[in-house]
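Chain letters run A, B, ... following the sequence lines, proteins first and then strands; every chain starts at 1.
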Amino acid sequence: MAAIRGIGIAAIVIVVILASAIGAFILVDSGNDNDSGTFTVLDDRGQNVTIPKYPQRIVSLGTSFTEILFAIGADGQVVGVDKTSMYPAGALSKTNVGSFYTLNAENVTALEPDCIITWSFATSTISTLEGLGFPVIAYNPTSLSDTMRVIKSMGNATGKSAEANALVDQMQLRIDAVTENVSGISLGDRVKAYFELRSGKTTGPGSLADELITMAGGVNIYGNNASKYPQPSLEFIIESDPDVVIVENQSSKTNDDIGVWIGSGVSAVDNDRIYRIDGALVTACPRVVDALEQFAEWFYPDLFGP
Amino acid sequence: MESADIGALHTKKLSLWFLIIVILVLLLFATVVFALCIGPVGIPVDEIINILFGGEASWSHRTIILNIRLPRVLLGGLVGASLAIAGAGMQGLFRNPMASPYVLGLSSGAAFGASLSIVLGFSIVSGLFAVPAMAFIFSFITLLLVYNIAKVNGRVPVDTLLLAGIAIAAFFTALVSFMKYLAGEQLSSIVFWMMGGLWDARWEFFVFALPMVAVGVAMILIFSRDRSVLMIGEEHAVNLRINVPLARNPVLGASSLVTAAAVSVSGVIAFVGLIVPHMMRLFVGPDNRILLPASCLVGAIFMIWTDTLARTIIAPEELPVGIITAILGAPFFLFLLKRRKGVTGW
């Protein structure tokens with residue numbers, strides 16, 4: 001009796017799911033056919049970009065934007081991505097249009113996009129695409145708050161506001177958990193960190209890595225530098241005596257290379273606190289919160305440890 | 001009898017030259033047609049013909065052919081023609097086989113202008129021409145600097161001019177390196193710009209460059225007679241009471257004009273200006289009257305083919321065409337060097 005009831009419930013659930021899926025499909029489909037309305041989105045250039053409500057043929061030129069589109073469930077509206085869009089795996093099955101720095105516009109044109117999303121610093125690519133008549137939304141997220149703002153804006157642009165807001169709320173909760181946990185640490189007790197990019201350069205103020213280090217309760221030893229991506233000075237690193245060194249996983253240097261280069265006597269080397277992080281996490285994407293939590297755990301294993 | 005022979009020989013030479021030019025013009029036309037048919041997006045030839053003659057075709061394919069490929073192919077031809085004739089002009093001018101359109105450091109100045117616009121967003125105009133305008137202005141600032149530094153008592157000794165060019169180029173290259181250091185996300189843009197490429201080719205750029213290239217090429221061709229005098233060397237030219245700076249100004253200025261026009265819309269494309277004139281010297285001889293127009297046409301053909309390779313070889317990605325011209329150009333240059341060992345003239 002109980003078994004039959006279980007099967008019955010399962011059958012009803014399946015039917016409801018199928019029906020709503022079909023319904024959703026028909027709704028989306030009819031929306032596509034009948035709703036020829038347009039609306040405007042304010043992008044990071046301060047430009048009001050007119051796009052269809054909602055775009056169904058998006059070309060995403062930037063790994064951050066592709067990742068966001070997938071995270072908010074707009075991946076079905078994406079027809080093309082640039083070559084840096086490697087995550088999530090679904091992005092690899094989208095048409096690759098090449099690099100947005102040296103874009104051949106015919107690859108994009110062939111996809112007949114109704115909306116293109118890219119970085120605002122790709123100025124010549126933007127003017128080429130706009131010259132061909134395509135609406136281009138250009139963002140320039142360089143911080144966590146920027147990232148969340150862009151996620152919301154992209155949700156608004158693609159008709160996925162609910163999903164985007166839910167994602168941002170969830171990110172904010174995790175960020176708050178980290179910052180509240182480290183808020184009690186006095187300035188003198190804060191962990192000093194040195195971060196190295198795959199290029200061998202480090203990260204100064206205004207960079208995402210600098211913000212992550214600070215939010216995770218650390219002090220970036222290059223946090224007061226004049227330029228954003230300075231070439232590190234060995235003397236300065238030794239003098240600053242970082243407690244933790246974080247290297248991008250894509251760097252050709254091994255942890256041992258770094259240890260030998262900096263030399264013993266520096267806390268991070270002596271205490272074996274040289275860590276590696278996937279550089280793809282230290283970008284303006286939803287997974288940046290993973291990097292934040294990872295940093296916090298490396299800085300304060302007692303507070304964040306398992 | 002003897003003079004009649006010379007006359008007949010001369011007529012024969014002229015008709016040969018005429019034939020060469022006609023063949024090259026036909027080759028150029030064929031090249032443009034072929035290049036238009038090849039690209040990362042496959043479009044059937046009959047559809048391309050339809051598009052060109054106003055027939056039925058999809059909107060995206062029409063846009064690709066008329067607003068992306070056609071301006072790109074034509075701009076490529078313009079850039080190749082400019083660099084090649086400027087190279088031939090400079091080589092004749094300086095009596096130096098090493099001379100290229102960039103010998104006076106124009107490309108370094110242009111790169112600095114471009115990087116100012118790319119990194120700092122500083123330009124005299126905004127929008128489409130932000131980078132080309134700065135590149136163009138700074139290549140002319142470079143020319144004026146080099147020329148005036150080299151000028152001694154109204155004369156411009158060739159070695160001083162070349163050395164001044166090297167020094168100014170080094171200075172601007174250092175400034176470009178500083179710009180690269182300051183650049184964050186824009187770093188790749190500068191690097192790719194300096195490799196040279198036509199991915200941003202647009203009708204606007206073609207319209208911008210065409211009048212300058214037309215005037216420049218015409219000037220180089222017209223003043224080639226004066227240049228034959230200069231081929232015997234500045235000292236001799238002075239002895240012949242030819243006003244050297246005046247005789248030199250139009251060609252130097254015209255070569256610089258076409259080079260600046262080319263660089264501003266395509267970046268620093270290597271080796272075309274060096275290799276094409278040498279190649280043509282091998283085929284048509286050193287006489288400027290045939291060498292200059294032949295270099296101009298072959299430069300255009302060479303550039304369109306290498307750019308076709310650049311946009312298809314790793315499609316959908318692009319290879320900066322400067323990489324291809326250098327990879328093809330350098331070994332060929334060495335081949336010419338080996339050949340000409342022991343042979344006089346260049």
Student: Working to the nearest 0.5 Å, report the span between CG of B:Leu187 and OH of A:Tyr229.
Tutor: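 If I round to the nearest 0.5 Å, the distance is 11.0 Å.
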
Student: Can you tell me which portion of A:Thr123 sits under 4.5 Å from chain B's heavy atoms? Options are side chain, backbone, both or neither.
Tutor: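 Answer is neither: A:Thr123 stays 4.5 Å or more from chain B.
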
Student: Counting C-beta onward and ignoring hydrogens, is there a side-chain heavy-atom pair between A:Thr102 and B:Trp199 closer than 4.5 Å?
Tutor: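 With C-beta onward as the side chain, the pair touches.
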
Student: Answer yes or no: does atom CG of A:Asn48 have more than 12 heavy-atom neighbours from other residues, nucleotides or ligands under 6.0 Å?
Tutor: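 Yes - once you tally the heavy atoms of other residues, nucleotides and ligands closer than 6.0 Å, there are more than 12.
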
Student: Answer yes when B:Glu185 and A:Lys228 have at least one side-chain N-carboxylate O distance shorter than 4.0 Å, and no when they do not.
Tutor: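 Looking at B:Glu185 and A:Lys228, the cut-off is met.
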
Student: Rounded to the nearest 0.5 Å, what separation is found between the CD atom of B:Glu318 and the CG atom of A:Asn104?
Tutor: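 B:Glu318 atom CD to A:Asn104 atom CG measures 4.5 Å (nearest 0.5 Å).
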
Student: Using a 6.0 Å cut-off, check whether atom CZ of B:Phe140 has over 12 heavy atoms from anything other than its own residue.
Tutor: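 Yes - once you tally the heavy atoms of other residues, nucleotides and ligands closer than 6.0 Å, there are more than 12.
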
Student: Would you find a donor on one side and an acceptor on the other, under 3.5 Å apart, between the side chain of A:Glu106 and the backbone of B:Val41?
Tutor: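 Yes, the answer is positive, given that a donor and an acceptor are paired below the 3.5 Å cut-off.
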
Student: How many angstroms lie between atom OH of A:Tyr101 and atom OG of B:Ser189, to the nearest 0.5 angstrom?
Tutor: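 Reported value, rounded in 0.5 Å steps: 5.5 Å.
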
Student: Is chain B contacted by the side chain of A:Phe134, its backbone, both, or neither, given a heavy-atom distance below 4.5 Å?
Tutor: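 The side chain, not the backbone.
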
Student: So which residue, B:Trp203, B:Trp193, B:Phe192, ends up with the most heavy-atom pairs under 4.5 Å with chain A?
Tutor: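 Between B:Trp203, B:Trp193, B:Phe192, the count favours B:Phe192.
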
Student: Compare all side-chain heavy atoms of B:Tyr181 with those of A:Pro230 and state whether any distance is below 4.5 angstrom.
Tutor: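 Yes - at least one pair of side-chain heavy atoms lies under 4.5 Å apart.
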
Student: Does a sphere of radius 6.0 Å around CD in A:Gln231 hold more than 12 heavy atoms from other residues, nucleotides or ligands, not counting ones at 6.0 Å or beyond?
Tutor: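 Enclosed: over 12 neighbouring heavy atoms sit under 6.0 Å from CD of A:Gln231.
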
Student: Checking side chain to side chain contact (heavy atoms under 4.5 Å, CB included) against B:Pro316, which of A:Asn96, A:Val97, A:Val108 comes through?
Tutor: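 Running side chain to side chain contact (heavy atoms under 4.5 Å, CB included) over A:Asn96, A:Val97, A:Val108 with B:Pro316 returns exactly one hit, A:Asn96.
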
Student: Taking atom NZ of A:Lys201 as the centre, report whether more than 12 heavy atoms of other residues, nucleotides or ligands fall under 6.0 Å from it.
Tutor: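 Atom NZ in A:Lys201 is crowded, with more than 12 foreign heavy atoms closer than 6.0 Å.
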
Student: Check whether A:Leu132 gets within reach of chain B through its side chain, its backbone, both or neither, counting any heavy atom under 4.5 Å.
Tutor: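 Both parts, backbone and side chain.
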
Student: Which answer fits A:Glu130, side chain, backbone, both or neither, if we ask what part of it has an atom under 4.5 Å from a heavy atom of chain B?
Tutor: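 Neither part, no heavy atoms under 4.5 Å.
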
Student: First locate atom CZ of B:Phe129, then atom OG of A:Ser127, and finally report the distance between them rounded to the nearest 0.5 Å.
Tutor: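 Atom-to-atom, B:Phe129:CZ and A:Ser127:OG are 10.0 Å apart.
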
Student: Looking at A:Phe236, I'd like to know if its CZ atom is crowded, meaning that more than 12 non-hydrogen atoms belonging to other residues, nucleotides or ligands lie closer than 6.0 Å.
Tutor: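 Yes, because the 6.0 Å sphere around CZ of A:Phe236 holds more than 12 heavy atoms from other groups.
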
Student: Got a second to check how far B:Leu128's CG is from A:Thr128's OG1, nearest 0.5 Å?
Tutor: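 Reported to 0.5 Å precision, the distance equals 7.0 Å.
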
Student: Report yes if the side chains of B:His61 and A:Thr109 come closer than 4.5 Å at any heavy-atom pair, otherwise no.
Tutor: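 The answer is no, as the side chains (C-beta and beyond) never meet within the 4.5 Å cut-off.
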
Student: Does the pair A:Ser99 and B:Glu317 meet the rule for a side chain to side chain donor-acceptor pair (under 3.5 Å), with working shown?
Tutor: CA-CA 6 Å; A:Ser99 158; B:Glu317 284 173 45; over 6 Å; no

Student: Report the option among A:Ser124, A:Ala105, A:Gly206 that has the most heavy-atom pairs separated by less than 4.5 Å from atoms of chain B.
Tutor: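 Highest number of heavy-atom pairs under 4.5 Å: A:Ser124.
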
